Number of protein chains: 2
Amino acid sequence: MSTTWQDEIAAETRAGRRISDRFIVDKVRAAVLTQRLPPGTRLPEVALGEIFGVSRSVVRKALTRLAADHVVSQQPNQVARVRAPSIEETRETFAARRLVEGEVAALLAGGSTPTLLEEIALLVEREAEAHARGDEPARIEHSLAIHHLLAEHSPNRVLGAMLTDLILRTSIVIALYKRAGLASCYLAEDHPALLAHLRSGDAEAARRSIHEHLQALEGLLDLSIRETRIDLMAILGQGEGARMSLSRG
Amino acid sequence: MSTTWQDEIAAETRAGRRISDRFIVDKVRAAVLTQRLPPGTRLPEVALGEIFGVSRSVVRKALTRLAADHVVSQQPNQVARVRAPSIEETRETFAARRLVEGEVAALLAGGSTPTLLEEIALLVEREAEAHARGDEPARIEHSLAIHHLLAEHSPNRVLGAMLTDLILRTSIVIALYKRAGLASCYLAEDHPALLAHLRSGDAEAARRSIHEHLQALEGLLDLSIRETRIDLMAILGQGEGARMSLSRG
DNA sequence: AGCCAACCTTATGTATACAAAAATTCAGGT
DNA sequence: ACCTGAATTTTTGTATACATAAGGTTGGCT
């Protein structure tokens, strides 16, 4: 994974651009989303600075922004760590997203442009194809793109920004709590149904389909009471593996 | 106003505490809320640093956090300025808050503790008293306290945090767009009605009373189309007054 | 052997110096 | 008189040095 970062950093510097805090935010967020940086991983400022070839100033700004996005936790005089949302917070995040994304979908059911509907239709198709050929990373990417499209085109931009945040947070906890044996969180009917309701302009049906979709998604997670699993992971599991790959750079 | 800050800074240092970024965030946010720092005001890092007696490092962190809270706008290589939300954003913020606070109130209608209900009842009473004696600052404080209480006690803490943010943002635009001749935004019936519905446990009635309350509040604002008012203010009105009081420190 | 304390390592908090980019000012020309 | 453009000033971006606090480790003591 460090090599991936190394490559992207090299590409960025070759392009004449300096590494910005934004770049670091994006890379760390992507790594957290794909669990290359598991919850609890320590993110010391100097180590990150060496990896990205910048000083602590830039890293600190990036970490502050990641903390505002709920990706890392930052406590005074302590190392920043990849956040491990609790089961309770996971449930609450899903509930918040149901509320917000449901409203956005309802707003969009009235006034979405044909262009938007076509873009969504394309992504829905691609997601199905990716699933059919067993390409789970591509499927996740297209699925996320659909929801991000809703957020970006929300008539209410304040709600849209909130939704962007919630999509990120739910993605993190989905990666975290996905039931062990489950190959994919694909729900074949849900996105086509949503699209149909957006097309027909039925706001309440669109809202309902979002609610059901997210409810089903949450149901695919392993949110059993034994929260110890995560605590142990945060305390013990962050050990040598993740730490080394960071300090190796 | 600088003298107020000076006093608070002196009190903080006397107490042995160093001025933290948190302190600066709180003070700037309060000043924006009370319009002592009008929209468009420039907030240069060195000037703020001199006022608070800290270096740019601390100020920068504070400004980054204020930007995350939508209080100031920060663009690369430009001075941070107090944000002036547009009329459109104001409407969208109110809509978002109606959605979120309505849900929180509905959740709270079922399961709020007697303690919480008593606290709210006390604040409702105090707000009415403050209004009766014409003490508008105190009235605003108690009114805000009621809504913050809902946010803090939200069974869904994710929604609660989102509501805290939205309360701040709506407070800013209320101060910004309050109709000129209006002495107060007090709506005598609304808070008591909300309290009654929280007590009775009727979730949908509680949600509805929040919706109506916020709709009425938005109706008290001057959101006419001529947005030029704000643009002019941001460009011209930020002149000597605010700038000087900052540089005078 | 177990526990405690002092030390040392590590990492963050803060200030400051220098570089680069904007904004402003002022002079020159049309 | 107005517009243009270079020089100056202001302000931010980044790196680095020093101070401080947290965490772990080793030594000594009971």
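Every value quoted in this text rests on a predicted model; they were computed, and no experiment measured them. All chains are named by letter (A, B, ...) in the order of the sequence lines, taking the proteins before the strands, and each is independently numbered beginning at 1.
- The side chain of S55(A) places an N or O atom within less than 4.0 Å of a non-bridging phosphate oxygen (OP1 or OP2) of dA15(D).
- For the OP1/OP2 pair of dG13(C) and a distance below 4.0 Å, the side-chain nitrogens and oxygens of R60(A) include at least one atom meeting the criterion.
- Rounded to an integer number of Å, the gap from L48(B) CG to dT11(D) C1' is 12 Å.
- Summarising the geometry, the separation between CD on Q75(B) and P on dT11(D) is reported as 17 Å, rounded to the nearest angstrom.
- One atom, CD of Q74(B), and another, P of dA22(C), lie 15 Å apart when rounded to the nearest Å.
- With rounding to whole Å, N77(A) atom CG is found 20 Å from dT9(C) atom P.
- As rounded to whole Å, 10 Å separates atom C1' of dT24(C) from atom CZ of R42(B).
- Note: CZ (R56(B)) to C1' (dT14(D)) measures 9 Å, nearest angstrom.
- For R179(A), the CZ atom sits in a packed shell: over 12 heavy atoms of surrounding residues, nucleotides or ligands are nearer than 6.0 Å.
- We find that CZ of R18(A) is positioned 12 Å from P of dA19(C), with the value rounded to whole Å.
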Item to complete: Go through I140(A) and T34(A) one step at a time and tell me if the side chain to side chain contact (heavy atoms under 4.5 Å, CB included) criterion holds.
Response: CA-CA 10 Å; I140(A) 291 176; T34(A) 54; over 6 Å; no
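- Each of V46(B) and S57(A) was assigned the nucleotide of DNA chain D with the nearest heavy atom; the assignment lying further toward the 5' end belongs to V46(B).
- In this structure, of dA11(C), dT16(C), dG13(C), it is dA11(C) that holds the atom nearest to the side chain of V79(A).
- Side-chain contact of S154(A) with N156(A): a donor-acceptor pair under 3.5 Å is absent, judged by distance alone.
- The CZ-P distance, from F52(A) to dA15(D), rounds to 13 Å in whole Å.
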Item to complete: List the steps, then state whether salt bridge (Lys or Arg N to Asp or Glu O under 4.0 Å) holds for E136(A) with R139(A).
Response: CA-CA 5 Å; E136(A) 179 69 2; R139(A) 189 203 65 75; 3.1 Å; yes
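- Candidate nucleotides dT12(D), dA15(D), dT14(C) were compared by shortest atom distance to the side chain of V58(B), and dT14(C) ranks first.
- Atom CZ of R18(A) has 12 or fewer neighbouring heavy atoms from other residues, nucleotides or ligands inside a 6.0 Å radius.
- Contact annotation: Q78(B) reaches the phosphate of dA23(C) (side-chain N/O to OP1 or OP2, under 4.0 Å).
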